Amino acid sequence: MKKQILFIWYSQTGQLSNMVHSLASGFDKEHCEIDYCQYKFEKRFPFPWTKRYFFNQMPEGVLGIPFEIDEQPIVFKEKYDLIIFAYQPWFLHPSLPSMSIIKNDKIQKVLKNTPVITLIGARNMWLHAQEKIKEYLCEAQANLVGNIVLVDSAKNLASMFTVQRWMFKGKKDAYFIFPPAGINELEIQNLYRLTPLIEQNLQSTNFENLQSKLLDAKALQVKPQLIPLEQRGVTNFRKFAKWIYEGGDKNSENRYKREWVFSFLLPKVATLLSPITFISNKIKALINKDKLLKDKAYFESVLFISNKF
Ligand SMILES: Cc1cc2nc3c(=O)[nH]c(=O)nc-3n(C[C@H](O)[C@H](O)[C@H](O)COP(=O)(O)O)c2cc1C
C-alpha cells in the first residue's frame, strides 16, 4: 500500500511553496501518494505590504488569536502516514495565517496521532515560532518527528534591510552592497536531497532517528548568538502586542497610533541593537558556553519543554 502524505501550508510570496514542491519532488511516487493543502489568503494578505497593514497584523499573531478559516482548499483523507506542516514566522511567532490554520478544528483533527515534520522558511529567527508550533501540535496530540529550516542567506543585519525592501516594494534582487532578499534559490532547489532520508523512516514507520539524520544532513542549523537576541525580542513583542491590542478595534485610530509607535521603534531599535547585542552575546557566549550549547541542542531537536522562552 502506498504511504499517504499530506502537505499543509500558506505562502505569501511563493517562497515557501517552492520549498514544499522541492521537498515533495523527492518522494518516490510509486510508493507514496501526496495530497497538497495550500491556503491562499490573497485578499486578506496582499503583497507587497503597506506599512500600516504589515504592523496591523502583529498583535493577533503574537497573542495567538486566529482568524476564522471558512474554506478548506481540499477534502482530506481521514488518515495520513505523514503530515508536513510548512510555515513561516512573523514577528517571532508562527505567521497569523499559519497559526490560524494549525488551530483550525479540521486541521487539528487530521493531525491527531500522526507523525508531523515541520518545514520552515524564515529570514533567520524561527526558534520561538517553532516552540509555539510544538505547543499547538501537542494540543492536537500530533507527534513531531522532524524539523527542516531554510533561512535567508544574508547576515542578520543585511537581511533586515533586504527583507524590508522585499516586503514593502516587492523587490528581491541584489542592490547596492546587499545580496538578494530571501532564501538562496539553490538551497530551495536542493531540498529534495532530504526526501530519501524521510522516506526511509516513512517506509519503516519508525521516525525515532529522523531528526538526528536531518541534523547530520544540515537540514537546520541554530546559531547560538541569535538565541538571546530572539529571547529579548519575544519579551518586547508580547508587551507591545498586548498594549496595541488593548488600544481598540483593529481599524481604530487609537490602535493605529500605537502600531505607529511600534513600527517607528522596531527597525531603529533592531538595527541599533543588532551590532551591540552581537558583541555582548559573543562575550556572554564565552562565559555561558555550556548553557548556550545545551539550548542550541534543544532548539535543534523535536523535544518540547513548555515555556522554554
Ligand atoms: C509580517 C512579517 C513578519 C516577519 N517576521 C519574521 C520573523 O520574526 N522572523 C523571521 O525569520 N522571518 C520573518 N519574516 C519573513 C518570513 O518568515 C518569510 O521568510 C517571508 O515572509 C517569505 O515567506 P512566504 O513564503 O510566505 O512568502 C516576516 C515576514 C513578514 C511578512
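Since the structure is predicted, the reported quantities are computational estimates derived from the model, not experimental observations. In each ligand, atom 1 is the first atom listed, and ligand 1 is the first ligand listed.
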Open item on the list: Any salt bridge linking Arg52 with Glu253? Criterion: basic side-chain nitrogen under 4.0 Å from a carboxylate oxygen.
Closed with: yes

Open item on the list: As a check for students: among Pro89, Ala86, Gly61, identify the option with a heavy atom nearest to atom 13 (C) of ligand 1.
Closed with: Pro89

TODO: Any chance you could measure Ile117, atom CD1, to Leu23, atom CG, to the nearest 0.5 Å?
DONE: 7.5 Å

Open item on the list: Show the atoms of ligand 1 that are less than 4.0 angstrom away from any heavy atom in Gly121.
Closed with: 17 (O), 18 (C), 19 (O)

TODO: Measure the spacing between NZ of Lys218 and CG of Leu194 and express it to the nearest 0.5 Å.
DONE: 12.0 Å

Task: Distance filter under 4.0 Å to Met167 heavy atoms, resulting ligand 1 atoms - done: 20 (C), 21 (O), 31 (C)

Open item on the list: Check this for me - ligand 1, Tyr10, N or O atoms closer than 3.5 angstrom, yes or no?
Closed with: no

Task: Gln15 neighbourhood, listing ligand 1 atoms whose heavy-atom distance to it stays under 4.0 Å - done: 19 (O), 22 (C), 25 (O)

Task: Heavy atom of the protein closest to atom 1 (C) of ligand 1 (residue, atom name, distance) - done: Phe54 CE1, 3.2 Å

Task: Nearest non-hydrogen protein atom, atom 9 (N) of ligand 1 - done: Met125 O, 3.0 Å

Task: Distance flag, aromatic centroids of His21 and Phe7, threshold under 6.0 Å - done: no

Open item on the list: Show the atoms of ligand 1 that are less than 4.0 angstrom away from any heavy atom in Asn124.
Closed with: 10 (C), 11 (O)

Task: Partner of Leu6 under side-chain contact (heavy atoms from CB on, under 4.5 Å), chosen from Ile34, Ile83, Leu111 - done: Ile83

Open item on the list: Counting only heavy atoms not in Lys169 (residues, nucleotides, ligands), do more than 12 fall under 6.0 Å from its NZ?
Closed with: no

Open item on the list: Can you check which of Gln88, Arg123, Met58, Glu230 brings a heavy atom nearest to atom 23 (O) of ligand 1?
Closed with: Gln88

- [ ] Could you list which atoms of ligand 1 come closer than 4.0 Å to a heavy atom of Leu16?
- [x] 25 (O)

Task: Short N or O distance, Trp49 and ligand 1, threshold 3.5 Å exclusive - done: no

Open item on the list: Would Ser11 count as a polar contact of ligand 1, with the cut-off being nitrogen or oxygen pairs under 3.5 Å?
Closed with: yes

Task: SB check Arg255 Glu60 (cutoff 4.0 Å) - done: yes

Open item on the list: Under 4.0 Å from a heavy atom of Thr13: which atoms of ligand 1 are those, numbered in the order shown and with their elements?
Closed with: 24 (P), 27 (O)

Task: Minimum-distance protein heavy atom relative to atom 5 (N) of ligand 1 - done: Phe91 N, 3.0 Å

Task: Part of Trp166 within contact of ligand 1 (heavy atoms, under 4.0 Å) - done: side chain

Task: Proximity of Trp260 and Tyr256 rings by center, below 6.0 Å - done: no

Task: Trp90 and Trp49 aromatic centres sub-6.0 Å - done: yes

Open item on the list: What I want to know is whether Val163 and ligand 1 share at least one N or O pair that is separated by under 3.5 angstrom.
Closed with: no

Open item on the list: Counting only nitrogen or oxygen atoms and a 3.5 angstrom limit, does Trp126 reach ligand 1?
Closed with: no

Open item on the list: Taking atom NZ as the centre, does Lys77 end up with more than 12 heavy-atom neighbours from other residues, nucleotides or ligands that are less than 6.0 angstrom away?
Closed with: yes

Task: Nitrogen or oxygen of Ser17 less than 3.5 angstrom from that of ligand 1 - done: no

Task: Distance-only polar pair, side chains of Asn201 and Asn206, donor-acceptor under 3.5 Å - done: no

Task: Closest candidate by heavy atom, reference atom 30 (C) of ligand 1, pool Trp90, Phe55, Tyr53 - done: Trp90

Open item on the list: So if I apply the side-chain contact (heavy atoms from CB on, under 4.5 Å) rule between Ile101 and each of Tyr87, Tyr136, Phe41, which one comes out positive?
Closed with: Phe41

TODO: Answer yes or no: does an N/O atom from Leu92 fall short of 3.5 Å to an N/O atom of ligand 1?
DONE: yes

